[in-house]
Amino acid sequence: MSRILITGGSDLLALNWATITRESHEVLLVTHRRLIALRGTISQYHDLESLDSVKRMLDLHQPDVVVNTVGITDVDLCEIEPDLAWRANVLTAENLAIACSQTRLSMVHISTDHFFDNLEGPAEETSPFNPCNVYARTKAEAEHRVL
């Protein structure tokens, strides 16, 4: 059975991902604030703001894939605390991408549609970014660094 490591493990997206995959995969929910009790999963704290800590986490758990759902999505909080938004939305994504790349580990990075201001119709991968707030700018920067 393959092992999926899901970051941002206490948030709704991560919990939904875990609920869907826990029957067919080993699921590890990595959290920052609180442990999660979800049948068929394991929950652990890990520091994602340190590249060395991320590398140790991947070495310890040996996942087959990493799904990064970490992010502060509260737009108002991002405006009030841009440094916190930067650490959560950019630094953690960059650390995960570097560590996964160095270990040749697949990573799924969850992004946002907030890049696109007043876009008519569905956005495409080639649509130009136009982030209009701190949240969108940090997610755009994370996207750039992950790529």
Side-chain angles (χ1 to χ4, degrees), residues 1-117 119 122-123 125 129-147:
M1 184 179 291
S2 63
R3 181 173 296 152
I4 299 175
L5 186 148
I6 304 173
T7 63
S10 61
D11 294 327
L12 185 60
L13 180 59
L15 292 172
N16 283 322
W17 199 302
T19 299
I20 291 169
T21 59
R22 66 186 171 178
E23 299 301 323
S24 57
H25 300 80
E26 290 180 34
V27 176
L28 173 66
L29 292 167
V30 173
T31 66
H32 174 68
R33 290 182 298 239
R34 59 189 165 124
L35 295 177
I36 298 299
L38 179 63
R39 182 187 54 78
T41 69
I42 298 168
S43 178
Q44 290 189 353
Y45 294 114
H46 285 285
D47 174 16
L48 302 180
E49 291 184 21
S50 159
L51 179 57
D52 288 337
S53 177
V54 171
K55 288 178 181 180
R56 284 191 303 274
M57 174 188 72
L58 296 179
D59 188 50
L60 174 67
H61 297 294
Q62 298 288 309
D64 296 297
V65 66
V66 172
V67 178
N68 180 32
T69 73
V70 169
I72 294 180
T73 59
D74 181 330
V75 174
D76 293 332
L77 179 59
C78 290
E79 292 296 323
I80 294 166
E81 297 195 43
D83 184 57
L84 176 65
W86 180 267
R87 290 192 325 269
N89 295 343
V90 179
L91 183 60
T92 59
E94 180 178 39
N95 286 341
L96 285 163
I98 290 169
C100 286
S101 176
Q102 289 176 350
T103 58
R104 302 175 82 48
L105 182 59
S106 295
M107 176 181 159
V108 176
H109 176 70
I110 305 300
S111 197
T112 183
D113 62 352
H114 282 247
F115 300 149
F116 310 106
D117 185 27
L119 185 69
E125 288 184 22
F129 287 2
N130 188 20
C132 61
N133 54 43
V134 171
Y135 169 70
R137 285 191 293 277
T138 59
K139 292 298 282 186
E141 182 62 26
E143 183 101 353
H144 171 73
R145 291 180 185 213
V146 166
L147 288 173

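FYI, side chains are in, hydrogens and waters are out, and symmetry mates aren't considered; it's all heavy atoms of this structure.
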Worksheet item: Is there a side chain to side chain contact (heavy atoms under 4.5 Å, CB included) between L15 and L29 once you walk through the steps?
Response: CA-CA 8 Å; L15 292 172; L29 292 167; 4.0 Å; yes
Item to complete: Determine, stepwise, if the pair M57 / L96 fulfils side chain to side chain contact (heavy atoms under 4.5 Å, CB included).
Response: CA-CA 10 Å; M57 174 188 72; L96 285 163; 4.1 Å; yes
Worksheet entry | Full working for side chain to side chain contact (heavy atoms under 4.5 Å, CB included) between C78 and N89 | CA-CA 10 Å; C78 290; N89 295 343; 4.2 Å; yes
Practice prompt. Kindly determine whether E81 and I72 satisfy side chain to side chain contact (heavy atoms under 4.5 Å, CB included), including the steps that lead there.
Written response: CA-CA 10 Å; E81 297 195 43; I72 294 180; over 6 Å; no
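Here the straight-line distance linking atom CG of N68 with atom CD of E94 works out to 12.0 Å at 0.5 Å rounding. The line from NE2 of H25 to CE of M1 is 8.5 Å long, rounded to the nearest 0.5 Å. Summarising the geometry, atom CG belonging to L48 is positioned 9.0 Å from atom NE2 belonging to H32; distances are rounded to the nearest 0.5 Å. The structure places OG1 of T112 at 3.5 Å from OH of Y135, a figure rounded to the nearest 0.5 Å. In this structure, L13 CG and I6 CD1 are separated by 8.5 Å, a value rounded to the nearest 0.5 Å. Distance CG/L51 to CG/L91: 9.0 Å, rounded to 0.5 Å.
Here the closest non-hydrogen pair linking V27 and R22 is CG2-CA, 3.7 Å. What you find for V134 and A85 is that their closest heavy atoms are CG1-CB, 4.1 Å. Summarising the geometry of I110 relative to W17, their closest heavy-atom pair is CD1-CZ3, 3.7 Å, with the distance given to 0.1 Å. The heavy-atom pair separating A18 from T41 by the smallest distance is CB-CG2, 4.2 Å. Looking at every heavy atom in both residues, V65 comes nearest to L105 through N-CD1, 3.9 Å. Residue T69 comes nearest to A14 through the heavy atom pair OG1-CB, 3.4 Å, listed as atom of the first residue, atom of the second, then distance.
A side-chain donor-acceptor contact under 3.5 Å links T92 to the backbone of A88. A donor-acceptor distance shorter than 3.5 angstrom exists from the side chain of N16 to the backbone of L12, with no hydrogens or angles considered. No donor-acceptor pair closer than 3.5 Å links the side chain of R145 to the backbone N or O of A93. Side-chain atoms of N95 come within 3.5 Å of backbone N or O of E49 as a donor-acceptor pair.
A side chain to side chain contact (heavy atoms under 4.5 Å, CB included) with V70 is found for exactly one of T7, V30, D11, T31, namely T7.
Looking only at side-chain heavy atoms (C-beta outward), L60 and H46 come within less than 4.5 Å of each other.
Salt-bridge formation is detected for the pair D83/R87: a Lys NZ or Arg NE/NH1/NH2 atom is positioned less than 4.0 Å from an Asp or Glu carboxylate oxygen. By the 4.0 Å N-to-carboxylate-O rule, E143 lies too far from K139 to be salt-bridged with it.
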